[in-house]
Amino acid sequence: MSEGQSFFQMMSPEHLTHGWLQSLLVVLLKLCLAFAGPLRPLNGTGCTAKGPASYILVFTGHWSPQAFPKQYPLFRPPAQWSKLIAVSHNRHFRLWAEGAPASPGVQNFAELGVTVELMKAAKEARKRRTVGAMYRTAGIPNGIGHSSTELLMQPRNSLLSLMVKVIPSPDWFVGVDSLNLCEGSQWKQEVTIDLHPFDAGTDSGFTFSSPNFPTSPRENITKITSQVPNHPANSFYYPRLKELPPIASIKLHRQSRTPDRQTPMSNHILPNSINPQHFSVTPLDCEVSLWSSWGLCLGPCSRGGVRHRTRYILLRPANAGTPCPELEEQAECVPHSCMKLQ
């Protein structure tokens with residue numbers, strides 16, 4: 001009897017007992033699962049929560065002259081924050097990303113605080129179902145302050161991205177890129193993130209009040225640190241610091257959605273359960289210019305005479321920073337460089 005005949009004889013009705021079929025199906029199911037791998041949700045976020053989640057988002061500015069004393073803007077305009085723009089989305093959308101070039105919408109927002117292009121791109125993405133909802137809060141007229149809004153996060157769009165422009169600045173902003181508020185089947189209860197400034201890479205200004213100086217060619221979005229850009233003129237250049245203190249922060253707190261729940265919070269109202277953070281002051285060392293050239297020597301040549309040179313203060317110290325050195329220096333002249341008084 002051939003092998004083919006033996007196989008078909010085994011498949012005959014007398015051999016296809018219920019137990020044998022059950023064992024065969026179990027083996028086939030195990031093989032399918034082994035090759036298929038774990039089941040994944042189809043929403044591109046990894047979230048398998050059964051329903052939406054409501055959050056209160058509070059943005060807090062910590063931009064004070066004590067924490068950031070260098071070139072702190074006091075007028076025209078003073079230190080302040082733009083409106084906050086937030087988007088819920090899945091992994092097929094990015095509002096902005098460190099190391100990537102800024103989109104036209106990000107450029108307009110980072111340079112001018114204009115949201116038209118940014119919101120237009122988000123609305124187009126919403127048609128493709130990669131964006132869920134868009135949110136915004138009013139601006140904050142001071143460097144220290146709060147704004148807030150309520151978010152409704154859906155499992156299919158559990159990522160959150162946001163931006164706030166630093167005003168005044170060439171193209172600087174703070175933000176969050178693709179924060180996932182869902183872990184598996186559970187929504188996170190509370191999230192707090194310290195924020196640091198980013199450079200959109202579209203303007204080459206070094207200081208808060210720099211005039212418009214387009215970057216050509218454009219650079220990628222980069223994080224600003226205490227030593228990057230490595231130039232003394234930069235407003236965030238603090239070479240004594242290992243890292244900058246947070247210039248802002250966000251806090252997300254999940255709300256219970258009940259029928260008698262209170263109405264959403266208004267902007268600039270800080271919930272009692274959320275306290276502002278306190279950071280140590282940043283020392284600012286004195287900066288002085290280079291010495292001028294030595295002046296002419298005056299006095300009797302037989303006794304040498306005296307010459308002088310000066311320098312001036314570029315940046316006054318603050319917050320117990322290193323005090324300024326002497327601004328004038330004198331030295332005795334050698335006889336051959338003496339100028340006799342008439």
Side-chain angles (χ1 to χ4, degrees), residues 45 47 49 52-68 78-89 95-96 106 109-110 113 115 118-119 122 131-154 157-167 169 172-183 186-198 223 244-258 260-280:
T45 64
C47 181
S54 175
Y55 286 89
I56 294 297
L57 165 65
V58 178
F59 172 85
T60 304
H62 305 295
W63 188 14
S64 70
Q66 290 74 35
F68 299 91
Q80 57 189 279
W81 299 98
S82 76
K83 63 188 71 175
L84 177 146
I85 302 298
V87 177
S88 65
H89 59 93
L95 182 66
W96 68 277
V106 169
F109 183 71
T115 64
L118 208 59
M119 300 306 287
V131 162
M134 294 161 283
Y135 307 89
R136 71 177 77 192
T137 70
I140 303 174
N142 303 295
I144 301 176
H146 313 276
S147 65
S148 59
T149 189
E150 185 176 15
L151 313 175
L152 184 62
M153 304 296 294
Q154 299 286 350
N157 293 301
S158 64
L159 306 182
L160 179 69
S161 294
L162 60 87
M163 294 179 67
V164 186
K165 173 176 170 56
V166 178
I167 301 177
S169 73
W172 303 340
F173 68 95
V174 297
V176 172
D177 172 33
S178 303
L179 170 65
N180 198 343
L181 293 174
C182 179
E183 286 185 348
Q186 299 295 323
W187 291 103
K188 296 178 181 179
Q189 189 64 31
E190 190 169 279
V191 178
T192 301
I193 299 177
D194 291 331
L195 303 179
H196 298 272
F198 283 88
K223 186 177 180 179
L244 291 173
I247 196 171
S249 64
I250 62 163
K251 189 165 189 175
L252 292 133
H253 184 77
R254 188 182 177 192
Q255 302 294 293
S256 59
R257 297 186 61 82
T258 56
D260 59 345
R261 182 174 53 87
Q262 295 180 349
T263 56
M265 295 189 307
S266 301
N267 288 318
H268 310 304
I269 296 179
L270 186 66
N272 293 331
S273 61
I274 303 178
N275 298 316
Q277 300 184 43
H278 298 279
F279 300 100
S280 58

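Any value given below was found using the heavy atoms of this structure, including those in side chains, with hydrogens, waters and symmetry copies removed. Everything quoted here is computed from the prediction, not taken from an experiment.
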Between [X] and [Y], is any pair of side-chain heavy atoms under 4.5 Å apart?
X    : Y    : answer
F59  : I140 : yes
M119 : I85  : yes
D194 : S249 : yes
P78  : Q80  : yes
L181 : S158 : no
E190 : K251 : yes
F173 : S82  : no
V166 : W81  : yes

List the steps, then state whether side-chain contact (heavy atoms from CB on, under 4.5 Å) holds for T137 with L57. CA-CA 10 Å; T137 70; L57 165 65; 5.8 Å; no
Enclosure of E183 CD (heavy-atom neighbours >12, cutoff 6.0 Å):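 Open.
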Could you check whether atom NZ of K83 has more than 12 heavy atoms from other residues, nucleotides or ligands sitting under 6.0 Å from it?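 No.
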Separation of [Y] [atom2] from [X] [atom1] (nearest 0.5 Å):
X    : Y    : atom1 : atom2 : value
W187 : S54  : CH2   : OG    : 10.5 Å
H253 : T192 : NE2   : OG1   : 10.5 Å
L84  : S148 : CG    : OG    : 10.0 Å
S64  : N142 : OG    : CG    : 12.0 Å
L195 : L162 : CG    : CG    : 7.0 Å

Residue pair [X] / [Y]: nearest heavy atoms and the distance that separates them:
X    : Y    : value
F68  : H62  : CE1-O, 4.2 Å
C182 : A49  : SG-CB, 4.2 Å
K188 : R254 : O-CB, 3.9 Å

With sequence neighbours left out, write down each residue that passes side-chain contact (heavy atoms from CB on, under 4.5 Å) with P197, or none if nothing qualifies. I224, F236, L244, I247
Under the criterion side chain to side chain contact (heavy atoms under 4.5 Å, CB included), which of L118, L159, D177 is the partner of L95?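 Output: one option passes, namely L118.
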Does S161 reach the main-chain N or O of V87 with its side chain, forming a donor-acceptor pair under 3.5 Å? no
Ring pair (Phe, Tyr, Trp, His ring centres under 6.0 Å) partners of Y55, counting only residues at least two apart: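 Counting only residues at least two positions away or on another chain, Y55 forms no ring pair (Phe, Tyr, Trp, His ring centres under 6.0 Å).
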Checking side-chain contact (heavy atoms from CB on, under 4.5 Å) for the pair V176/L160: CA distance, chi angles, key distance, verdict? CA-CA 8 Å; V176 172; L160 179 69; 5.8 Å; no
Check against side-chain contact (heavy atoms from CB on, under 4.5 Å), L152 and Q154: CA-CA 7 Å; L152 184 62; Q154 299 286 350; 4.1 Å; yes
